[in-house]
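Below is one structure; the comments refer to it alone.
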Amino acid sequence: QVQLVESGGGLVQTGDSLKLSCAASGLPSGYSMGWFRQNPGKERELVAAITSRRDRTTYSDSVKGRFTISRDGAKNTIYLQMNSLRPEDTAVYYCAARDVGLVNVAANYNYWGQGTQVTVSS
């Protein structure tokens, strides 16, 4: 059984930093993982994703240069370092995994975490 468990969300102020973690258990080898975010009434959008070998990453234009995704294979954990946070970054952040490649469509991901709330106050 695959489980993805996020942690690290919270309430911060504009310009602050926050680091999210997602620990995976039972995930087959070779899976790409990523972070999505969603606000009420809006579609879930890709924030960043990374391949299993960490040789490729992708980011949404809105977070490039501010967020960094990383992966610790030994711990089967991915991270999202978020710097220079803005109010528009406020959302529930979800960890996800898919069997191959980097894609930005939520429907193409096989497994999901429960989400962690990130709120950035102005």
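Quick caveat, the model's predicted, so the values are computed rather than measured.
- When the side chains of ILVMFWY residues are joined at heavy-atom separations under 4.5 Å, either directly or via intervening members, Ile69 and Leu18 end up in a single hydrophobic cluster.
- Tyr79 and Leu27 fall into different hydrophobic clusters, defined by Ile, Leu, Val, Met, Phe, Trp and Tyr side-chain heavy atoms under 4.5 Å apart, directly or through other members.
- Between Gly101 and Ser32 the shortest heavy-atom distance is O-OG, 2.9 Å.
- Between the side chains of Asn83 and Ser17, at least one donor N or O sits under 3.5 Å from an acceptor N or O.
- Side-chain contact between Thr57 and Tyr59 is present, with at least one heavy-atom pair separated by less than 4.5 Å.
- The two residues Ala97 and Leu4 make their nearest non-hydrogen contact at N-CD1, 4.0 Å.
- With a 4.5 Å cut-off on side-chain heavy atoms, Cys95 and Met33 count as touching.
- Taking each heavy atom of Ile50 and Arg71 in turn, the nearest pair found is O-NH1, 3.6 Å.
- Clustering ILVMFWY residues whenever any of their side-chain heavy atoms sit less than 4.5 angstrom apart, transitively, puts Trp35 in the very cluster that holds Val120.
- For Ala106 against Trp112, the heavy-atom pair with the smallest separation is O-CZ2, 3.3 Å.
- At a threshold of 4.5 Å between side-chain heavy atoms, the hydrophobic network of Ile, Leu, Val, Met, Phe, Trp and Tyr places Phe67 and Leu46 in two separate groups.
- In this structure the side chain of Val92 never reaches within 4.5 angstrom of the side chain of Thr116, judged on heavy atoms.
- One N or O on the side chain of Thr77 and one on the backbone of Lys75 form a donor-acceptor pair closer than 3.5 Å.
- Proximity of a side-chain donor or acceptor of Gln3 to a complementary backbone N or O of Ser25 within less than 3.5 Å is not detected.
- Within 6.0 Å of CD in Gln13 there are 12 or fewer heavy atoms belonging to other residues, nucleotides or ligands.
- Put simply, the side chain of Thr14 never gets that close to the backbone of Arg86: no donor and acceptor are under 3.5 Å apart.
- Using a 4.5 Å heavy-atom threshold, the side chains of Leu80 and Val47 count as touching.
- A distance of 9.0 Å separates CG of Asp16 from CG of Leu11, quoted to the nearest 0.5 Å.
- Side-chain polar atoms of Thr90 and Glu88 form no donor-acceptor pair below 3.5 angstrom.
- If you check the side chains of Gln38 and Glu43, you find no donor sitting under 3.5 Å from an acceptor.
- In plain terms, the two heavy atoms of Arg66 and Leu85 that are nearest each other are NH1-CA, 4.0 Å.
- The side-chain heavy atoms of Asn110 and Asp99, taken from C-beta on, include a pair separated by under 4.5 Å.
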| message | For a salt bridge (charged side-chain N to carboxylate O under 4.0 Å, His left out) check, start with the C-alpha distance between Asp61 and Lys64, then their side-chain angles and the critical distance, and finish with the verdict. | response | CA-CA 5 Å; Asp61 288 342; Lys64 280 180 183 176; 3.2 Å; yes
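- The closest side-chain heavy-atom distance from Val118 to Met82 is below 4.5 Å.
- Within the 4.5 Å cutoff, no side-chain heavy atoms of Asn104 are placed close to those of Thr58.
- Ring orientation note: the planes of Phe36 and Tyr109 are nearly perpendicular, at an angle over 60° on the 30°/60° scale.
- The shortest distance between side-chain heavy atoms of Pro28 and Val2 falls below 4.5 Å.
- For the pair Arg98 and Tyr111, the cation does not sit on the ring face, since its NZ or CZ is not both under 6.0 Å from the ring centre and inside 45° of the axis.
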